[in-house]
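Side-chain atoms are counted along with the backbone in the values below, which use heavy atoms only and exclude waters and symmetry mates.
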Amino acid sequence: MLLQEAAGAAHPLSGTLAEWIWLVPALPFLGFVVNGLLSLVPATHLGPADPSAAGHEHGQAGHEDRGAHDDHHHVTRHRNAGIVSLVGPAVLGLAFALTAAIFIGMLGAHAEAPFVRTLFPWIVTGDLTLNAALQVDQLSIVMTMVVTGVGFLIHVFSVGYMQDDPGYPRYFAYLNLFVFFMLVLVLGASYPVMFVGWEGVGLCSYLLIGFWFTDKANADAGKKAFVMNRIGDFGFLVAMFLLFANLGTLDFAAVSGRAAELGEGGAVITAIGLFFFLGCAGKSAQIPLYTWLPDAMAGPTPVSALIHAATMVTAGVYLVARSAAIFSLTPVASLTVALVGAITALFAATIGLKQWDIKKVLAYSTVSQLGYMFIGVGVGAYSAGVFHLVTHAFFKALLFLGSGSVIFAMHRAFHHTGSHADAQDMRNMGGLRRFMPWTFGLMWIATLAIAGIPPLSGFFSKDEILASVFARTSHSTLAEASWAGIPGSALLMLIYVLGLAAALLTAVYMTRMMLYTFHGPNRSGDAERSHLAEAPWIMTIPLAVLGVLSATGGLINLPAFLGAPAQKLHHWLEPVTGAASMHITHGEEAHLALGTEMALIALAVAIAVAGMAYAYARLKPAALVPKDQSPAAHGIERVLEHKYYVDEIYDRTIVRPVVALSRRVLWRGMDTGLIDGLFVNGSAYFMRSLGWMGARLQSGQVGTYAWVLVIGVLAVLGAFSLS
Amino acid sequence: MIPEALALSAVLFTIGAIGVLTRRNAILIFMCVELMLNAVNLTFVALSKLYGVTGQVFVVFVMTVAAAEAAVGLAIIIAIFRHGQTVNLKNINLLKG
């Protein structure tokens, strides 16, 4: 500890802007307080006849992501909307500017150790001393830039998307609070501080999924997300307890430095890794805890973009990268992470093939891409995982906001004609490129990026992950370990193949989504068609910025063979994850021969192109009919459309038995039987009987009392004389 | 001399106690209580020969209190009699729980 403090005093970042890092989470919190107070003012209801209700012409897709409802067809703009529109995005913009300034300061500083800014002692008890401390290092600053940067764009988009929602200030209050907790999560300097953020983002996710809570389906979706996340949080907690019991510390710096004391490949460190991964599986929607994420699409679309695509769900990836020192010492846990990631990537991609709800396609795509990130961090390519996290934040935020723009337009059109058709079902869309050219073009950029077409960002990050897996099939601690009897090298090969298959399906389902949404004839209906139009500029500008980022994001980490400017992110993250990464590859950079690498790239590109070509050739948007006229699917298509019936299986095997157990044993047995019956009513009955017996003694006969008195006196005297 | 006085006192006290326990007439019970008080007074007086004058002083106090108690007690008995035309304790059970 003393050594660390001594090092801290001479830290290259001390005395710089990094000292102000606490302002970065404080700003969104300020926004939360302001917007939260404003949300307490009731909304102003403007009837459709009100001339000031000009916003009536500019849809309210915000109301009904889950299809049109009849009772919302009037405009309710909050009277504080103006100040909220200013404060909400502005705090994020300022936080991003400050983060960028700190980042620029770090570029020249070459800080090898993390800079820890201690704010105040938090928990001091027994052997445990915990400070509320924020940590600035290469990993946390990258995450902070993504959170504040992409978060800012999504806040701006929300100004347009949510403009006519009566809960407008409440929405921004939740969104700001989310960003605050997310920043605590990524900036915390110890596991418990991170856990505060981890729980906080879960809370905000719950609040925002159930934002339109008057619809029971939305409230249920929020509850489902909350409960499933609790299962994961249990894993996180157990892992923290194990860490503290065995190392006596929970600070990232100390844990990284002393992880080797746990013994490489030992039972304790493997358990810690696996329990941490249980937490990741909950937060980042991996098998078996992924089913909450598609349901989370019940929230407003910008929320899906920010929380359920770009930031919160990647917290699990961040946790593994942050715990690189632990995971690199336990090949079993690392291989589990990679294998679960690979299976999830493929599994979710197959479901994405047959979804009709545009947001559901993107939700399963997110689950699949998160699986990809876990492949990366699982095989010890921490920088590759974080790289994919960053590029995914760009293109998936773009895809979600684009879909939000589409839903906004569809809803506005349906709203004009009073139609009750589903504004999110792709069977009701089609041919939208003529009406929304900007959204169309930008979403194609993101689609090409996620499919892995060079030179867009997704190509580089996905290729980096797949190449890392391939490189580690030999000469790495993972390849030499065995997992449940399977040799690690074979397992890595399997993971590589699963990854390729997922890449193929990604190309297919993304092309399908684009074809059905933007190409072919329009199926929205003749009356509705004339009302289809591009979203206002406040929504398209964030899309355009994300489009540029999706296209060029790959530049931050070009493949090694391209020469000097390559692998910038990889080298940038070296002080944080470099040692752990090198440990897995026996102390030398994982390296592939140029020919092999070229062949892998060619294969990946060929697969992406093949997937898109297949989808383009096979799918006929012209043959599609609107949702209410569509025939039911059969066979495997039906299974995929129903998501392998996993929700139904969970319902039968877990939810219902738990409910039955709770009802019969816990409620009727324990609660009404034992506690209410025996303890509460039983004790009352016992005392009443006692009272009844006492009352019989009090006959009112003074003589009897005198007898009792005398007998008592004699008894006391007798007792005295005996002793 | 003292053992005889104490023995007499014990006999008187026991007679008083038995009277209190067995009698039903309030006046008689009252008289028995007086008997017990005076049995104790006898003990005080007898023992003051051994332990000094304090016992005799105490006797004066007890008699004073007993006089006051007699006044109050008889007044209550009269009140009870006026209320229920009886001083038989069998018929008086206002203290019933």
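Minimum heavy-atom separation, A/Gln701 to B/Lys90: NE2-O, 3.2 Å. The shortest heavy-atom contact between B/Val20 and A/Ala706 is CG1-CB, 4.4 Å.
Around CZ of A/Phe195, the count of heavy atoms belonging to other residues, nucleotides or ligands within 6.0 Å exceeds 12. Within a 6.0 Å radius of CE in B/Met31, no more than 12 heavy atoms belonging to other residues, nucleotides or ligands are found. For OH of A/Tyr650, the number of neighbouring non-hydrogen atoms (other residues, nucleotides, ligands) closer than 6.0 Å is greater than 12. No more than 12 heavy atoms of other residues, nucleotides or ligands shown are found within 6.0 angstrom of OH on A/Tyr206.
With a 4.5 angstrom heavy-atom cutoff, B/Ile29 does not touch chain A via any of its atoms.
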